[in-house]
Amino acid sequence: SCMLVLFLLNGYVHGVALATLSEAQEYAAKYKEYDVERDNDDWLRPNFSSFHKQNRPTVLRRLASWFGAAYPVWDARKFKTLLKQVTATREQDGFQGDFAERYKPHAEDKILIFGDLFGAFHSLIRDLSFLHDRGVITNSFKIAKPNYVLIFNGNVIDGSPYVLETLTIVLRLMEKNPSRVFYIRGYHEENERWHNFELARELQVRARHISREQIPLNDLLIRFFDTLPRALYLTHEVDDIVEAIFIGGDVGITQRLDKKSLAHALGEDEKRGFFKFSKKQGDTKRNVEIKAFITSEDRSINYHKTNGLTMLGAIGGAPSWLVFSAPTERNQNLYKFYYDAFAQVQAYNGMKDWTIALFNQKVPGLDGFNESEIFSLTTGQPIRKKKDMAKEQELYLGATMDLSKGASPIGKKVKEGLELAFDKEHAVNTVPGIMPKLTTIDDEYTPRKTRNAVDGMIQNGINIFIGDRKSVV
C-alpha cells in the first residue's frame, strides 16, 4: 500500500513536450479550443487560472494513467530545458539587447509570415499541419523545403488559455531551424509587459513546482525575449541602392538610424546578420529604400477589420501591410476575427516583382485553406487571382555553375538568363497548375563541389537539373 501511495504521488504522468507535430495535434484534440472556463468577464485580459488548476496532474489522473488512460499534461520541466537551450544558443550568437536582424532572400524564396498569434495554439497547429501536408515542414518541425523561411511578427504570447503551448511550438521551430525561423519582439514581449497578462498567470499555476521565483521562469524568459530582434529587414541590392522590406511592430524604429547608416548596416554580404541600434554604423556610398512595411497594430486603440491580410495605407510612399493570425475566442468576441491565417511573400530577382498573398480558412468551419488574390508587395496592386494552393504543383529544378571562379562570367550570365525566364513563366503561367522553381548553387567549376551540390539538392527533393554548358563531373 505504501508503494501505491508513493506511485500516486510521484507516478507516471503523460508529460507532453510537444516535440513533434503529431504529438501537438493529439494534444490539441484533447483540449477544447473555445468555451474554456474564465475567472473574469474581461476579454482584454482574460483570466484562465481555474482552468489551469483543473488541468494540473492530480492523484486521480496519475491513477488513470496506470490503467492506460494517460492524460496529456504540458510539461514545465521539458519546456524549461527547451527554453534554456534556445536562449543559450542565441546569446552565444550575439543576439541580445537593442538590435535588428537582416535577411537577404534568394530569388524563389517563400517567406511565410505569421502576425499576432496571442496564444492561438489550435490555429497554429492547423497552419503547420497544412504546411506539413504540402511538404514544407516535417513531423519534427524541420523545414524540409530549401526555399522556405518562417517569421513570427511578435505578440506570440498572451490572450488565450494556451500561451505556453503556443510559445513551446515556436521554440521548437527555432530549435530545429535556427537560421530559417525568425521571432520578432512584439509589444507583449517588450519591457516585461507580459507580467501583466496571461503568460505570467499561466506560469504561476503551471510551473510553480519547478521555480521559486514569484513568476516562475521569470529570469529565463526575460533573457529569451532579450534575444529577439526589434525588427527584421528583408534586403535586396541594386547598384548603390539597398532595397528593404521592414517587418516589425514599431515602424518608428526605422528613424533610429539615418539612411546612410542603415544602408551600411543592411548592405553586408552575408545572407543573415544583425546590427545594434546603439552601435555607430559606418558610412557608405549606398542608400537605402524601404519598399514596404509588414507590421501589426495596437487593437486597444485602432482596429481594421481583416481576414488576415490588410493593406493599411502608405508610410513614406511605401505600402504598409497588416498580418493577423489569432482566431482565439478573445479575438472573435472583440474583433469578429474568424480565420486561421498567414501571409506568403514570394521573392524574385527584383524587389519590384515581389508578391504577397494570404492563406486562410474560416473557423470553426475548417473547410480548407485558400490563397487570396496575389498583390504586388511594393505597390499594393493586385496581380492575379489564384486557385486553392493545394491545386498548384511546384516543379523544382536545380542547376550548378561557376559563379565565383574563372568561368564565373559565363555562369553569372546563364544564371541571370534562367532567372529571367523563370520570372516570366511565373507571370504568364504557361502550364496551368505547374509552378517551376529554380535553385542554383555555385560549384566553382570543381567536380567534387558539383557532385556535393547535386547530392544535396537530391536530398532536398530536387531531381531535375539544368546544365549551362557541359558537366564538370
Side-chain angles (χ1 to χ4, degrees), residues 9-10 13 15-18 31 36-59 61-62 72-91 95-98 116-121 152 154-172 174-175 183-230 249 298 300 326 328 330:
L9 294 176
N10 300 291
V13 176
V16 174
L18 302 177
Y31 288 90
V36 175
E37 179 184 354
R38 288 181 293 124
D39 297 336
N40 63 8
D41 294 322
D42 184 1
W43 278 116
L44 288 174
R45 296 188 180 188
N47 186 337
F48 300 100
S49 296
S50 294
F51 170 76
H52 294 306
K53 289 175 182 177
Q54 292 168 9
N55 287 285
R56 286 184 302 196
T58 63
V59 170
R61 283 184 180 142
R62 290 190 176 101
V73 177
W74 173 85
D75 195 311
R77 286 189 172 86
K78 292 176 182 177
F79 171 79
K80 179 180 179 180
T81 299
L82 174 63
L83 181 63
K84 285 178 67 175
Q85 177 183 333
V86 173
T87 300
T89 298
R90 292 185 63 79
E91 288 176 340
F95 296 124
Q96 280 181 289
D98 190 23
D116 299 340
L117 279 170
F118 287 125
F121 171 70
F152 295 92
N155 296 328
V156 165
I157 57 174
D158 297 328
S160 91
Y162 303 104
V163 177
L164 286 166
E165 288 87 346
T166 307
L167 183 55
T168 300
I169 296 299
V170 175
L171 286 167
R172 287 290 176 203
M174 296 174 74
E175 174 198 30
Y183 179 3
I184 299 167
R185 202 182 313 183
Y187 179 86
H188 282 251
E189 290 89 0
E190 184 75 72
N191 296 328
E192 300 168 31
R193 292 190 182 98
W194 58 275
H195 282 180
N196 302 312
F197 293 91
E198 291 72 47
L199 175 57
R201 282 195 286 265
E202 274 197 38
L203 289 165
Q204 287 169 334
V205 175
R206 307 177 76 188
R208 66 181 186 179
H209 59 293
I210 65 167
S211 173
R212 295 183 178 180
E213 297 171 276
Q214 182 177 358
I215 299 177
L217 305 181
N218 176 70
D219 292 348
L220 183 55
L221 277 162
I222 289 174
R223 282 174 52 199
F224 169 67
F225 290 138
D226 193 51
T227 71
L228 303 182
R230 302 284 305 280
D298 184 350
S300 65
T328 59
R330 169 185 181 269

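All values below were derived from every heavy atom in this structure, side-chain atoms included, with hydrogens, water molecules and symmetry-related copies excluded. Each residue takes its place number in the sequence, starting with 1.
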Visitor: Would you find a donor on one side and an acceptor on the other, under 3.5 Å apart, between the side chain of His52 and the backbone of Pro161?
Guide: yes

Visitor: Quick one: closest heavy-atom pair of His209 and Ala76, and the distance?
Guide: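 Heavy-atom minimum between the residues: CE1-CB, 3.9 Å.
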
Visitor: Return the orientation label for the Phe225 and Tyr183 ring planes: parallel under 30°, perpendicular over 60°, tilted otherwise.
Guide: perpendicular

Visitor: Just wondering, do Trp194 and Asn218 contact through their side chains at under 4.5 Å, heavy atoms?
Guide: yes

Visitor: Would you call Glu202-Arg206 a salt bridge at under 4.0 Å N-O?
Guide: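 Yes, charged N to carboxylate O under 4.0 Å.
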
Visitor: Under the 3.5 angstrom rule, does the side chain of Asp75 hit a backbone N or O of Arg77 as a donor-acceptor pair?
Guide: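 Checking the backbone N and O of Arg77 against the side chain of Asp75, a donor-acceptor pair under 3.5 Å is found.
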
Visitor: Where do Val156 and Thr166 land on the side chain to side chain contact (heavy atoms under 4.5 Å, CB included) test, with the steps shown first?
Guide: CA-CA 7 Å; Val156 165; Thr166 307; 3.9 Å; yes

Visitor: How far apart are the closest heavy atoms of Ser160 and Ala120, and which atoms are they?
Guide: OG-N, 4.5 Å

Visitor: Does a side chain donor of either His188 or Asn155 reach within less than 3.5 Å of an acceptor in the other side chain?
Guide: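 Absent: no donor and acceptor within the cut-off.
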
Visitor: Do other residues, nucleotides or ligands put more than 12 heavy atoms under 6.0 Å from the OH atom of Tyr187?
Guide: no

Visitor: To the nearest 0.5 Å, what is the distance between CG (Asn47) and CD (Glu37)?
Guide: 10.0 Å

Visitor: Side-chain contact, heavy-atom cut-off 4.5 Å: Arg90 with Val86?
Guide: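 Yes, at least one pair of side-chain atoms sits under 4.5 Å.
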
Visitor: Answer yes or no: does atom CD of Gln214 have more than 12 heavy-atom neighbours from other residues, nucleotides or ligands under 6.0 Å?
Guide: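 Incorrect, the count does not exceed 12.
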
Visitor: Calculate, to the nearest 0.5 Å, the distance between atoms CD and CD belonging to Gln204 and Glu213 respectively.
Guide: 11.0 Å

Visitor: Is it true that a side-chain atom of Asp42 and a backbone atom of Leu44 form a donor plus acceptor pair closer than 3.5 Å?
Guide: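 Confirmed, Asp42 side chain pairs with Leu44 backbone.
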
Visitor: Give a yes or no answer on whether the side chain of Thr227 reaches the backbone of Phe224 with a donor-acceptor pair at less than 3.5 Å.
Guide: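 Such a contact is found between Thr227 side chain and Phe224 backbone.
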
Visitor: Please name the pair of heavy atoms, one in Gly159 and one in Arg330, separated by the smallest distance, quoted to 0.1 Å.
Guide: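 What the structure gives for the nearest pair is O-CD, 3.5 Å.
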
Visitor: Report yes if some heavy atom in the side chain of Tyr162 is under 4.5 Å from a heavy atom in the side chain of Val36; otherwise report no.
Guide: yes

Visitor: Please report the interatomic distance CG(Asp158) to CZ(Arg45), rounded to the nearest 0.5 Å.
Guide: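 Interatomic distance, Asp158 CG to Arg45 CZ, rounded to 0.5 Å: 9.5 Å.
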
Visitor: Passes side chain to side chain contact (heavy atoms under 4.5 Å, CB included), Trp74 versus Thr168? Steps please.
Guide: CA-CA 10 Å; Trp74 173 85; Thr168 300; 3.1 Å; yes

Visitor: List the atom of Pro216, the atom of Ser211, and the distance in Å for their closest heavy-atom pair.
Guide: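 Answer, listing the atom of Pro216 first, then Ser211: CA-OG, 3.5 Å.
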
Visitor: What I want to find out is whether Glu190 reaches Arg230 closely enough, with some N-O distance under 4.0 Å, to be called a salt bridge.
Guide: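 Looking at Glu190 and Arg230, the cut-off is met.
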
Visitor: Kindly indicate whether the side chain of Arg223, heavy atoms from C-beta on, has any atom under 4.5 Å from the side chain of Asp226.
Guide: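 The answer is no, as the side chains (C-beta and beyond) never meet within the 4.5 Å cut-off.
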
Visitor: Hey, could you give me the OG/CG distance between Ser50 and Asp39, rounded to the nearest 0.5 Å?
Guide: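 Answer for the OG-CG pair, Ser50 versus Asp39, is 3.0 Å.
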
Visitor: How many angstroms lie between CG in Leu18 and CZ in Phe79, if you round to the nearest 0.5 Å?
Guide: 10.5 Å

Visitor: With side chains defined as the heavy atoms from C-beta onward, is the minimum distance between Val73 and Asn55 less than 4.5 Å?
Guide: no

Visitor: Would you say that Phe152 contacts Ile184 through its side chain, given a criterion of any heavy-atom pair below 4.5 Å between the two side chains?
Guide: no

Visitor: Look up atom CD1 in Ile215 and atom CZ in Arg201, then write down how far apart they are to the nearest 0.5 Å.
Guide: 10.5 Å

Visitor: When you compare the side chain of Leu164 with that of Ile157, does any pair of heavy atoms fall below 4.5 Å?
Guide: no

Visitor: Check the pair Phe48 / Arg38 against side chain to side chain contact (heavy atoms under 4.5 Å, CB included), numbers first and verdict last.
Guide: CA-CA 5 Å; Phe48 300 100; Arg38 288 181 293 124; 3.2 Å; yes

Visitor: When you measure from the side chain of Glu189 to the backbone N and O of Gly186, does any donor-acceptor pair fall under 3.5 Å?
Guide: yes

Visitor: Does the side chain of Pro46 come within less than 4.5 Å of Glu198's, by heavy atoms?
Guide: yes

Visitor: Would Val163 and Phe197 count as a side chain to side chain contact (heavy atoms under 4.5 Å, CB included) here? Give the steps.
Guide: CA-CA 10 Å; Val163 177; Phe197 293 91; over 6 Å; no

